[in-house]
Protein chains: 2
Amino acid sequence: MDASRRVTPVAAPLRNLVVRALRQEILDDVMHPGDRLLESALCERYGVSRTVVREALRQLESERLITVLPNRGPIVSVLSVHDITSLYEVRGSLEGLAGELFARNASEADAVALINLLDKMESTYLHGDLRSRGSSKDTFYRILLAGGRNEILAEDLSRVHTRIGIFRHYAFLDEDRVSTSMLELRRIVDAAARQRDAARARAACEEHIRLAGELAIVEYRRRVPDLTHS
Amino acid sequence: MDASRRVTPVAAPLRNLVVRALRQEILDDVMHPGDRLLESALCERYGVSRTVVREALRQLESERLITVLPNRGPIVSVLSVHDITSLYEVRGSLEGLAGELFARNASEADAVALINLLDKMESTYLHGDLRSRGSSKDTFYRILLAGGRNEILAEDLSRVHTRIGIFRHYAFLDEDRVSTSMLELRRIVDAAARQRDAARARAACEEHIRLAGELAIVEYRRRVPDLTHS
DNA sequence: GAACATTAGTTCGTCAGACGAACGAAAGAG
DNA sequence: CTCTTTCGTTCGTCTGACGAACTAATGTTC
(Lines give C-alpha, C1' and ligand atoms only; values in the text may rest on other atoms or scores of the structure.)
Protein backbone atom coordinates (compact mmCIF):
# COMPACT_ATOMS: atom_id res chain seq x y z
CA MET A 1 0.00 0.00 0.00
CA ASP A 2 2.44 2.57 1.20
CA ALA A 3 5.62 1.65 -0.62
CA SER A 4 7.44 4.70 0.76
CA ARG A 5 7.69 2.99 4.11
CA ARG A 6 9.30 -0.03 2.56
CA VAL A 7 12.63 -0.60 4.17
CA THR A 8 15.74 -0.93 2.04
CA PRO A 9 18.47 -3.44 2.89
CA VAL A 10 21.73 -1.59 3.53
CA ALA A 11 24.39 -3.65 5.25
CA ALA A 12 22.47 -3.88 8.51
CA PRO A 13 20.09 -6.62 9.56
CA LEU A 14 16.67 -5.90 8.17
CA ARG A 15 15.15 -6.41 11.57
CA ASN A 16 17.05 -3.44 12.97
CA LEU A 17 15.64 -1.24 10.28
CA VAL A 18 12.18 -2.50 11.03
CA VAL A 19 12.72 -1.97 14.75
CA ARG A 20 13.80 1.59 14.11
CA ALA A 21 10.98 2.30 11.73
CA LEU A 22 8.35 0.85 14.02
CA ARG A 23 9.77 2.54 17.10
CA GLN A 24 9.77 5.85 15.30
CA GLU A 25 6.20 5.46 14.18
CA ILE A 26 5.11 4.68 17.71
CA LEU A 27 7.05 7.68 19.02
CA ASP A 28 5.64 9.91 16.29
CA ASP A 29 2.19 8.92 17.37
CA VAL A 30 1.39 7.38 13.99
CA MET A 31 0.27 4.40 16.00
CA HIS A 32 -1.50 4.94 19.28
CA PRO A 33 -1.33 3.13 22.60
CA GLY A 34 -3.61 0.12 22.47
CA ASP A 35 -3.48 -0.25 18.69
CA ARG A 36 -2.98 -3.82 17.57
CA LEU A 37 0.07 -4.62 15.52
CA LEU A 38 -0.84 -7.47 13.24
CA GLU A 39 2.14 -9.36 11.95
CA SER A 40 0.65 -9.69 8.53
CA ALA A 41 -0.04 -5.96 8.32
CA LEU A 42 3.51 -5.13 9.38
CA CYS A 43 4.90 -7.53 6.79
CA GLU A 44 3.08 -5.66 4.07
CA ARG A 45 3.79 -2.25 5.52
CA TYR A 46 7.55 -2.77 5.53
CA GLY A 47 7.77 -5.29 2.74
CA VAL A 48 9.53 -7.96 4.76
CA SER A 49 8.80 -11.49 5.84
CA ARG A 50 7.14 -12.63 9.01
CA THR A 51 10.45 -13.86 10.38
CA VAL A 52 11.86 -10.36 10.36
CA VAL A 53 8.73 -8.77 11.74
CA ARG A 54 8.48 -11.22 14.59
CA GLU A 55 12.08 -10.74 15.62
CA ALA A 56 11.62 -6.99 15.53
CA LEU A 57 8.54 -7.34 17.71
CA ARG A 58 10.51 -9.37 20.24
CA GLN A 59 12.97 -6.54 20.58
CA LEU A 60 10.35 -3.84 20.94
CA GLU A 61 8.67 -6.08 23.45
CA SER A 62 11.68 -6.19 25.69
CA GLU A 63 11.96 -2.44 25.37
CA ARG A 64 8.39 -2.40 26.68
CA LEU A 65 7.33 -0.25 23.77
CA ILE A 66 4.83 -2.89 22.77
CA THR A 67 2.96 -5.36 24.94
CA VAL A 68 2.16 -8.84 23.75
CA LEU A 69 -1.20 -10.09 24.90
CA PRO A 70 -1.20 -13.87 25.27
CA ASN A 71 -2.81 -15.54 22.29
CA ARG A 72 -3.80 -12.16 21.00
CA GLY A 73 -0.63 -10.59 19.70
CA PRO A 74 1.15 -7.28 20.20
CA ILE A 75 -0.31 -3.85 20.86
CA VAL A 76 1.34 -0.49 21.39
CA SER A 77 1.96 -0.30 25.13
CA VAL A 78 -0.50 1.66 27.22
CA LEU A 79 0.85 3.70 30.10
CA SER A 80 -1.13 4.36 33.24
CA VAL A 81 -0.65 7.41 35.44
CA HIS A 82 1.20 5.18 37.83
CA ASP A 83 3.52 4.03 35.04
CA ILE A 84 4.31 7.60 34.11
CA THR A 85 5.02 8.55 37.70
CA SER A 86 7.27 5.54 38.01
CA LEU A 87 9.09 6.28 34.78
CA TYR A 88 9.75 9.84 35.86
CA GLU A 89 11.08 8.67 39.19
CA VAL A 90 13.53 6.37 37.44
CA ARG A 91 14.36 9.04 34.92
CA GLY A 92 15.06 11.55 37.67
CA SER A 93 17.39 9.19 39.40
CA LEU A 94 19.30 8.40 36.22
CA GLU A 95 19.54 11.98 35.08
CA GLY A 96 20.75 12.93 38.54
CA LEU A 97 23.53 10.44 38.04
CA ALA A 98 24.20 11.87 34.60
CA GLY A 99 24.67 15.35 36.03
CA GLU A 100 26.86 14.06 38.83
CA LEU A 101 29.07 12.11 36.44
CA PHE A 102 29.46 15.03 34.11
CA ALA A 103 30.68 17.19 36.95
CA ARG A 104 33.15 14.50 37.93
CA ASN A 105 34.32 13.11 34.59
CA ALA A 106 33.79 15.57 31.79
CA SER A 107 36.80 17.00 30.01
CA GLU A 108 37.29 20.71 29.77
CA ALA A 109 36.19 20.47 26.14
CA ASP A 110 32.97 18.74 27.19
CA ALA A 111 32.30 21.48 29.70
CA VAL A 112 32.89 24.19 27.11
CA ALA A 113 30.63 22.40 24.65
CA LEU A 114 27.82 22.30 27.17
CA ILE A 115 28.25 25.94 28.08
CA ASN A 116 28.24 26.93 24.42
CA LEU A 117 25.18 24.85 23.71
CA LEU A 118 23.35 26.55 26.54
CA ASP A 119 24.03 29.88 24.89
CA LYS A 120 22.62 28.68 21.61
CA MET A 121 19.62 27.30 23.39
CA GLU A 122 18.51 30.77 24.40
CA SER A 123 17.26 30.95 20.83
CA THR A 124 16.86 27.33 19.67
CA TYR A 125 15.11 26.23 22.83
CA LEU A 126 13.68 29.19 24.69
CA HIS A 127 12.49 30.89 21.52
CA GLY A 128 12.26 27.86 19.25
CA ASP A 129 9.44 25.81 17.87
CA LEU A 130 8.51 22.25 18.77
CA ARG A 131 11.07 20.72 16.46
CA SER A 132 14.02 22.91 17.36
CA ARG A 133 13.24 22.55 21.04
CA GLY A 134 13.25 18.79 20.69
CA SER A 135 16.50 18.65 18.83
CA SER A 136 18.35 21.08 21.08
CA LYS A 137 17.21 19.15 24.10
CA ASP A 138 18.47 15.98 22.46
CA THR A 139 21.83 17.62 21.84
CA PHE A 140 21.94 18.74 25.45
CA TYR A 141 21.54 15.18 26.63
CA ARG A 142 24.05 13.88 24.14
CA ILE A 143 26.74 16.19 25.47
CA LEU A 144 25.77 15.69 29.09
CA LEU A 145 25.88 11.92 28.78
CA ALA A 146 29.04 11.85 26.69
CA GLY A 147 30.82 13.89 29.36
CA GLY A 148 29.75 11.48 32.08
CA ARG A 149 31.65 8.63 30.45
CA ASN A 150 29.05 6.02 31.27
CA GLU A 151 27.65 4.46 28.12
CA ILE A 152 25.44 2.08 30.02
CA LEU A 153 23.73 4.95 31.76
CA ALA A 154 23.34 6.66 28.40
CA GLU A 155 21.66 3.63 26.95
CA ASP A 156 19.38 2.97 29.90
CA LEU A 157 18.34 6.58 30.01
CA SER A 158 17.63 6.61 26.32
CA ARG A 159 15.40 3.61 26.82
CA VAL A 160 13.47 5.49 29.50
CA HIS A 161 13.14 8.49 27.23
CA THR A 162 11.74 6.25 24.55
CA ARG A 163 9.21 4.70 26.88
CA ILE A 164 8.02 8.05 28.10
CA GLY A 165 7.72 8.89 24.43
CA ILE A 166 5.24 11.51 23.54
CA PHE A 167 4.82 12.80 27.09
CA ARG A 168 8.33 14.14 26.90
CA HIS A 169 7.31 16.58 24.20
CA TYR A 170 4.35 18.08 25.96
CA ALA A 171 6.70 20.33 27.88
CA PHE A 172 7.81 21.94 24.62
CA LEU A 173 4.30 23.20 23.93
CA ASP A 174 3.95 25.13 27.16
CA GLU A 175 5.77 28.48 27.04
CA ASP A 176 5.73 28.86 30.80
CA ARG A 177 7.21 25.47 31.25
CA VAL A 178 9.87 26.18 28.66
CA SER A 179 11.12 29.29 30.45
CA THR A 180 11.17 27.50 33.77
CA SER A 181 12.95 24.65 32.07
CA MET A 182 15.53 27.03 30.66
CA LEU A 183 16.23 28.31 34.16
CA GLU A 184 16.77 24.77 35.35
CA LEU A 185 19.10 24.03 32.46
CA ARG A 186 21.18 27.06 33.35
CA ARG A 187 21.41 25.79 36.89
CA ILE A 188 22.45 22.35 35.67
CA VAL A 189 25.14 23.74 33.40
CA ASP A 190 26.40 26.05 36.09
CA ALA A 191 26.74 23.24 38.61
CA ALA A 192 27.95 20.51 36.25
CA ALA A 193 30.14 22.41 33.79
CA ARG A 194 31.19 25.62 35.54
CA GLN A 195 31.42 24.82 39.22
CA ARG A 196 31.98 21.11 38.75
CA ASP A 197 29.88 20.56 41.84
CA ALA A 198 28.67 16.96 41.55
CA ALA A 199 26.11 17.14 44.34
CA ARG A 200 24.51 20.31 43.05
CA ALA A 201 24.56 19.07 39.48
CA ARG A 202 22.75 15.97 40.56
CA ALA A 203 20.19 17.85 42.57
CA ALA A 204 19.57 20.24 39.70
CA CYS A 205 19.00 17.41 37.23
CA GLU A 206 16.66 15.63 39.59
CA GLU A 207 14.67 18.75 40.23
CA HIS A 208 14.41 19.37 36.50
CA ILE A 209 12.86 15.96 35.98
CA ARG A 210 10.63 16.21 39.02
CA LEU A 211 8.99 19.25 37.50
CA ALA A 212 8.86 17.69 34.04
CA GLY A 213 7.16 14.66 35.57
CA GLU A 214 4.52 16.74 37.28
CA LEU A 215 3.71 18.47 34.04
CA ALA A 216 3.57 15.20 32.17
CA ILE A 217 0.98 13.89 34.60
CA VAL A 218 -1.13 17.00 34.22
CA GLU A 219 -0.96 16.72 30.44
CA TYR A 220 -1.72 13.04 30.59
CA ARG A 221 -4.88 13.64 32.59
CA ARG A 222 -5.91 16.32 30.17
CA ARG A 223 -5.48 14.08 27.15
CA VAL A 224 -6.64 10.75 28.44
CA PRO A 225 -10.26 10.61 29.57
CA ASP A 226 -10.60 9.86 33.24
CA LEU A 227 -10.80 6.12 33.67
CA THR A 228 -10.25 5.93 37.40
CA HIS A 229 -13.83 4.99 38.12
CA SER A 230 -14.09 2.18 35.62
CA MET B 1 23.14 -34.81 23.90
CA ASP B 2 21.68 -33.53 27.12
CA ALA B 3 17.99 -34.26 26.94
CA SER B 4 17.46 -33.06 30.52
CA ARG B 5 17.77 -29.48 29.33
CA ARG B 6 15.00 -29.96 26.82
CA VAL B 7 12.31 -27.51 27.51
CA THR B 8 8.72 -28.64 27.98
CA PRO B 9 5.81 -26.67 26.55
CA VAL B 10 3.52 -25.54 29.37
CA ALA B 11 1.05 -22.84 28.45
CA ALA B 12 3.68 -20.16 27.95
CA PRO B 13 5.40 -19.27 24.73
CA LEU B 14 8.28 -21.63 24.17
CA ARG B 15 10.59 -18.73 23.55
CA ASN B 16 10.12 -17.45 27.09
CA LEU B 17 11.17 -20.79 28.45
CA VAL B 18 14.21 -20.76 26.23
CA VAL B 19 15.03 -17.21 27.27
CA ARG B 20 14.83 -18.17 30.90
CA ALA B 21 16.86 -21.34 30.44
CA LEU B 22 19.55 -19.60 28.47
CA ARG B 23 19.69 -16.64 30.81
CA GLN B 24 20.04 -18.96 33.76
CA GLU B 25 22.83 -20.88 32.14
CA ILE B 26 24.73 -17.71 31.41
CA LEU B 27 24.18 -16.52 34.97
CA ASP B 28 25.22 -19.88 36.39
CA ASP B 29 28.43 -19.59 34.44
CA VAL B 30 27.67 -22.72 32.42
CA MET B 31 28.52 -20.57 29.44
CA HIS B 32 31.29 -18.05 29.71
CA PRO B 33 31.69 -14.54 28.35
CA GLY B 34 32.89 -14.69 24.79
CA ASP B 35 31.49 -18.16 24.12
CA ARG B 36 29.70 -18.43 20.82
CA LEU B 37 26.06 -19.40 20.82
CA LEU B 38 25.38 -21.27 17.61
CA GLU B 39 21.73 -21.32 16.66
CA SER B 40 21.92 -24.90 15.53
CA ALA B 41 23.50 -25.97 18.81
CA LEU B 42 20.83 -24.17 20.82
CA CYS B 43 18.08 -25.78 18.75
CA GLU B 44 19.38 -29.21 19.65
CA ARG B 45 20.15 -28.30 23.24
CA TYR B 46 16.60 -27.19 23.93
CA GLY B 47 14.81 -29.27 21.35
CA VAL B 48 13.10 -26.36 19.62
CA SER B 49 13.10 -24.87 16.16
CA ARG B 50 15.32 -22.12 14.87
CA THR B 51 12.42 -19.68 14.92
CA VAL B 52 12.11 -19.99 18.66
CA VAL B 53 15.84 -19.85 19.29
CA ARG B 54 16.30 -16.76 17.16
CA GLU B 55 13.47 -14.90 18.87
CA ALA B 56 14.89 -15.81 22.25
CA LEU B 57 18.28 -14.52 21.15
CA ARG B 58 16.72 -11.22 20.13
CA GLN B 59 15.39 -10.77 23.62
CA LEU B 60 18.64 -11.65 25.35
CA GLU B 61 20.34 -9.31 22.94
CA SER B 62 18.27 -6.36 24.01
CA GLU B 63 18.95 -7.30 27.62
CA ARG B 64 22.60 -7.02 26.63
CA LEU B 65 23.27 -10.46 28.04
CA ILE B 66 24.49 -11.58 24.66
CA THR B 67 26.18 -9.58 21.92
CA VAL B 68 25.55 -10.27 18.29
CA LEU B 69 28.61 -9.88 16.11
CA PRO B 70 27.58 -8.84 12.61
CA ASN B 71 27.56 -11.80 10.26
CA ARG B 72 29.13 -13.90 12.96
CA GLY B 73 26.34 -14.57 15.37
CA PRO B 74 25.80 -14.19 19.10
CA ILE B 75 28.29 -14.60 21.93
CA VAL B 76 27.88 -14.28 25.67
CA SER B 77 28.55 -10.61 26.40
CA VAL B 78 31.98 -9.67 27.68
CA LEU B 79 32.20 -6.96 30.33
CA SER B 80 35.17 -4.64 30.63
CA VAL B 81 36.25 -3.01 33.89
CA HIS B 82 34.70 0.16 32.60
CA ASP B 83 31.41 -1.63 31.97
CA ILE B 84 31.36 -2.96 35.50
CA THR B 85 32.11 0.44 36.97
CA SER B 86 29.34 1.90 34.84
CA LEU B 87 26.87 -0.80 35.82
CA TYR B 88 27.56 -0.26 39.50
CA GLU B 89 27.08 3.46 39.11
CA VAL B 90 23.69 2.89 37.56
CA ARG B 91 22.85 0.25 40.09
CA GLY B 92 23.77 2.56 42.95
CA SER B 93 21.55 5.27 41.61
CA LEU B 94 18.59 2.93 41.15
CA GLU B 95 18.98 1.25 44.51
CA GLY B 96 19.22 4.65 46.12
CA LEU B 97 15.86 5.41 44.57
CA ALA B 98 14.55 2.08 45.81
CA GLY B 99 15.51 2.92 49.40
CA GLU B 100 14.04 6.37 49.12
CA LEU B 101 10.76 5.10 47.72
CA PHE B 102 10.48 2.43 50.38
CA ALA B 103 10.84 5.06 53.08
CA ARG B 104 8.16 7.15 51.41
CA ASN B 105 5.68 4.57 50.15
CA ALA B 106 5.93 1.33 52.04
CA SER B 107 3.02 0.18 54.15
CA GLU B 108 3.49 -0.62 57.80
CA ALA B 109 3.28 -4.29 56.85
CA ASP B 110 6.08 -3.85 54.32
CA ALA B 111 8.22 -2.18 56.95
CA VAL B 112 7.60 -4.95 59.44
CA ALA B 113 8.41 -7.55 56.80
CA LEU B 114 11.74 -5.91 56.06
CA ILE B 115 12.61 -5.62 59.73
CA ASN B 116 11.74 -9.26 60.31
CA LEU B 117 13.75 -10.37 57.32
CA LEU B 118 16.75 -8.49 58.62
CA ASP B 119 16.51 -10.50 61.84
CA LYS B 120 16.44 -13.76 59.95
CA MET B 121 19.37 -12.62 57.87
CA GLU B 122 21.62 -12.62 60.90
CA SER B 123 21.68 -16.36 60.35
CA THR B 124 20.72 -16.89 56.69
CA TYR B 125 23.02 -14.17 55.41
CA LEU B 126 25.70 -13.35 57.96
CA HIS B 127 26.23 -16.99 58.89
CA GLY B 128 24.93 -18.62 55.73
CA ASP B 129 26.51 -20.30 52.76
CA LEU B 130 26.68 -19.03 49.20
CA ARG B 131 23.22 -20.25 48.32
CA SER B 132 21.40 -19.00 51.40
CA ARG B 133 23.17 -15.67 51.16
CA GLY B 134 22.05 -15.30 47.58
CA SER B 135 18.47 -16.16 48.28
CA SER B 136 18.12 -13.98 51.38
CA LYS B 137 19.59 -11.07 49.50
CA ASP B 138 17.07 -11.71 46.72
CA THR B 139 14.27 -11.70 49.27
CA PHE B 140 15.59 -8.47 50.71
CA TYR B 141 15.38 -6.79 47.34
CA ARG B 142 11.98 -8.23 46.64
CA ILE B 143 10.55 -6.68 49.79
CA LEU B 144 12.43 -3.43 49.37
CA LEU B 145 11.21 -2.98 45.82
CA ALA B 146 7.67 -4.09 46.54
CA GLY B 147 7.43 -1.47 49.28
CA GLY B 148 8.61 1.26 46.95
CA ARG B 149 5.60 0.76 44.67
CA ASN B 150 7.52 1.29 41.48
CA GLU B 151 7.39 -1.76 39.26
CA ILE B 152 9.36 -0.13 36.49
CA LEU B 153 12.22 0.53 38.85
CA ALA B 154 12.00 -3.07 40.02
CA GLU B 155 12.26 -4.32 36.49
CA ASP B 156 15.08 -2.04 35.43
CA LEU B 157 17.03 -2.88 38.54
CA SER B 158 16.54 -6.55 38.00
CA ARG B 159 17.92 -6.13 34.51
CA VAL B 160 21.01 -4.47 35.93
CA HIS B 161 21.40 -7.26 38.46
CA THR B 162 21.25 -9.76 35.64
CA ARG B 163 23.85 -7.95 33.60
CA ILE B 164 26.22 -7.73 36.51
CA GLY B 165 25.60 -11.42 36.84
CA ILE B 166 28.28 -13.42 38.50
CA PHE B 167 30.11 -10.43 39.92
CA ARG B 168 27.22 -9.90 42.27
CA HIS B 169 27.94 -13.18 44.00
CA TYR B 170 31.59 -12.59 44.66
CA ALA B 171 30.68 -10.56 47.70
CA PHE B 172 29.07 -13.64 49.25
CA LEU B 173 32.39 -15.46 49.31
CA ASP B 174 34.25 -12.88 51.34
CA GLU B 175 33.46 -13.11 55.04
CA ASP B 176 34.76 -9.64 55.74
CA ARG B 177 32.63 -8.18 53.02
CA VAL B 178 29.59 -10.05 54.30
CA SER B 179 29.84 -8.61 57.79
CA THR B 180 30.35 -5.12 56.44
CA SER B 181 27.44 -5.72 54.13
CA MET B 182 25.29 -6.79 57.06
CA LEU B 183 26.08 -3.54 58.82
CA GLU B 184 25.02 -1.61 55.74
CA LEU B 185 21.79 -3.57 55.51
CA ARG B 186 20.99 -2.73 59.11
CA ARG B 187 21.56 0.89 58.30
CA ILE B 188 19.31 0.67 55.27
CA VAL B 189 16.52 -1.00 57.19
CA ASP B 190 16.84 1.44 60.03
CA ALA B 191 16.54 4.43 57.73
CA ALA B 192 13.97 3.04 55.31
CA ALA B 193 11.71 0.95 57.54
CA ARG B 194 12.16 2.27 61.08
CA GLN B 195 12.89 5.99 60.75
CA ARG B 196 11.25 6.37 57.36
CA ASP B 197 13.98 8.81 56.51
CA ALA B 198 14.02 8.90 52.69
CA ALA B 199 17.29 10.81 52.33
CA ARG B 200 19.18 8.57 54.71
CA ALA B 201 17.70 5.43 53.19
CA ARG B 202 18.84 6.55 49.80
CA ALA B 203 22.32 7.39 50.98
CA ALA B 204 22.63 4.07 52.77
CA CYS B 205 21.61 2.13 49.68
CA GLU B 206 24.00 4.05 47.49
CA GLU B 207 26.86 3.55 49.88
CA HIS B 208 26.07 -0.15 50.00
CA ILE B 209 26.44 -0.44 46.25
CA ARG B 210 29.47 1.79 46.11
CA LEU B 211 31.31 -0.65 48.32
CA ALA B 212 29.93 -3.66 46.47
CA GLY B 213 31.14 -2.12 43.22
CA GLU B 214 34.64 -1.60 44.52
CA LEU B 215 34.82 -5.20 45.60
CA ALA B 216 33.49 -6.41 42.27
CA ILE B 217 36.25 -4.55 40.45
CA VAL B 218 38.88 -6.07 42.69
CA GLU B 219 37.48 -9.53 42.12
CA TYR B 220 37.23 -8.92 38.42
CA ARG B 221 40.88 -7.97 38.18
CA ARG B 222 41.81 -11.02 40.18
CA ARG B 223 39.89 -13.36 37.90
CA VAL B 224 40.42 -11.84 34.52
CA PRO B 225 44.01 -11.75 33.34
CA ASP B 226 45.26 -8.24 32.85
CA LEU B 227 44.58 -7.19 29.30
CA THR B 228 45.21 -3.49 29.66
CA HIS B 229 48.47 -3.62 27.73
CA SER B 230 47.14 -5.52 24.74
C1' DG C 1 -37.08 -12.79 20.69
C1' DA C 2 -33.29 -13.92 23.86
C1' DA C 3 -29.95 -17.16 25.54
C1' DC C 4 -27.10 -20.59 24.31
C1' DA C 5 -24.46 -23.86 21.31
C1' DT C 6 -22.08 -24.38 16.98
C1' DT C 7 -19.32 -22.99 13.17
C1' DA C 8 -16.21 -20.45 10.54
C1' DG C 9 -12.51 -17.00 10.26
C1' DT C 10 -8.52 -14.71 12.08
C1' DT C 11 -4.03 -14.53 14.13
C1' DC C 12 -0.53 -16.21 16.60
C1' DG C 13 3.00 -19.93 17.85
C1' DT C 14 5.83 -23.20 16.03
C1' DC C 15 7.96 -26.08 12.68
C1' DA C 16 10.55 -27.54 8.36
C1' DG C 17 13.10 -26.53 4.47
C1' DA C 18 15.44 -23.55 1.38
C1' DC C 19 18.84 -20.05 -0.58
C1' DG C 20 22.33 -16.43 -0.80
C1' DA C 21 25.85 -13.68 1.52
C1' DA C 22 29.65 -13.19 4.58
C1' DC C 23 33.11 -14.99 7.16
C1' DG C 24 36.99 -18.22 8.41
C1' DA C 25 39.90 -21.97 7.65
C1' DA C 26 42.16 -24.97 4.70
C1' DA C 27 44.31 -25.95 0.39
C1' DG C 28 46.89 -24.69 -3.39
C1' DA C 29 49.97 -21.53 -6.31
C1' DG C 30 53.73 -18.57 -6.82
C1' DC D 1 56.63 -18.32 3.25
C1' DT D 2 53.06 -15.48 1.50
C1' DC D 3 49.24 -14.67 -1.37
C1' DT D 4 45.15 -16.40 -3.55
C1' DT D 5 41.49 -19.53 -4.18
C1' DT D 6 38.21 -22.67 -2.56
C1' DC D 7 35.08 -24.66 0.44
C1' DG D 8 32.44 -25.31 4.61
C1' DT D 9 29.94 -22.97 8.28
C1' DT D 10 26.59 -19.92 10.07
C1' DC D 11 23.74 -16.35 9.80
C1' DG D 12 19.90 -13.55 7.47
C1' DT D 13 15.84 -13.96 5.12
C1' DC D 14 11.95 -16.06 2.76
C1' DT D 15 8.19 -19.37 1.96
C1' DG D 16 4.72 -22.47 3.17
C1' DA D 17 2.47 -25.13 6.47
C1' DC D 18 -0.29 -26.68 10.70
C1' DG D 19 -2.58 -26.56 15.19
C1' DA D 20 -4.36 -23.84 19.06
C1' DA D 21 -6.82 -20.01 20.85
C1' DC D 22 -9.60 -16.28 20.35
C1' DT D 23 -13.58 -13.59 17.88
C1' DA D 24 -17.41 -13.08 15.39
C1' DA D 25 -21.16 -14.93 12.93
C1' DT D 26 -24.53 -18.35 12.50
C1' DG D 27 -28.01 -21.13 13.85
C1' DT D 28 -30.86 -23.60 17.31
C1' DT D 29 -33.77 -24.06 21.18
C1' DC D 30 -37.01 -22.55 24.56
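The chains referred to below are lettered A, B, ... by the order of the sequence lines, with proteins before strands, and numbering in each begins at 1.
Residues forming a side chain to side chain contact (heavy atoms under 4.5 Å, CB included) with B/R64 (at least two apart in sequence, or on another chain): A/E155, B/R163. For B/A106, the side chain to side chain contact (heavy atoms under 4.5 Å, CB included) criterion is met by B/F102, B/D110, B/R196, not counting sequence neighbours. Contacts of B/E214 classified as side chain to side chain donor-acceptor pair (under 3.5 Å), with partners at least two apart in sequence or in another chain: B/R210. Applying the side chain to side chain donor-acceptor pair (under 3.5 Å) rule to A/T51 yields no partners; only residues at least two apart in sequence or on another chain are considered. B/S77 pairs by the side chain to side chain contact (heavy atoms under 4.5 Å, CB included) definition with B/T67, not counting sequence neighbours. With sequence neighbours left out, the side chain to side chain contact (heavy atoms under 4.5 Å, CB included) criterion links A/N116 to A/V112. In terms of the side chain to side chain donor-acceptor pair (under 3.5 Å) criterion, residue partners of B/H208 (sequence neighbours excluded) are, by chain and number, B/K137, B/E184. Looking at residues two or more places apart in sequence or on another chain, you find no side chain to side chain donor-acceptor pair (under 3.5 Å) involving A/R36.
For B/R54 and D/dC14, the CZ to P distance is 11 Å, given to the nearest whole Å. B/L14 has its CG atom 14 Å from the P atom of D/dA20, to the nearest Å. In this structure, the CD atom of A/E55 is 8 Å from the P atom of D/dG12, given to the nearest Å. One atom, CD of A/E39, and another, P of D/dC22, lie 16 Å apart when rounded to the nearest Å. Taking atom OH of residue A/Y46 and atom P of nucleotide D/dT13, one finds them 16 Å apart after rounding to whole Å.
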Report each atom pair, protein N/O against N/O of nucleotides 23-25 of chain D, whose distance is under 3.5 angstrom.
none

Each base of DNA chain C marked ( ) or [ ] if paired in-strand (Watson-Crick or G-U under 3.5 Å), | if paired to another strand and . if unpaired gives ||||||||||||||||||||||||||||||
Report, one line per pair, each donor and acceptor closer than 3.5 Å where one atom sits in a side chain of residues 85-92 of chain B; sequence neighbours left out.
unit_1	atom_1	unit_2	atom_2	d
B/T85	OG1	B/V81	O	3.0
B/S86	OG	B/H82	O	2.8
B/E89	OE1	A/N150	ND2	2.8
B/R91	NE	B/E95	OE2	2.7
B/R91	NE	B/H161	NE2	3.3
B/R91	NH2	B/E95	OE2	3.3
B/R91	NH2	B/Y141	OH	3.0

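First and last contacting nucleotides of DNA chain C toward chain A (any atom under 4.0 angstrom from a heavy atom, 5' to 3' order): C/dT11 to C/dT14.
If you check every strand for non-hydrogen atoms under 4.0 Å, B/L69 touches nothing. Within the 4.0 angstrom heavy-atom criterion, no nucleotide atom of any strand lies near B/L57.
Proximity of A/R15 to the phosphate of D/dG12: a side-chain N or O atom is located under 4.0 Å from OP1 or OP2.
At least one donor-acceptor pair under 3.5 Å links the side chain of A/R133 to the backbone N or O of A/Y125.
Expressed to the nearest 0.5 Å, how far CZ of B/F167 lies from CD1 of B/I84 amounts to 3.5 Å.
For the pair A/T51 and A/V68, nearest-nucleotide mapping onto DNA chain C gives the more 5' position to A/V68.
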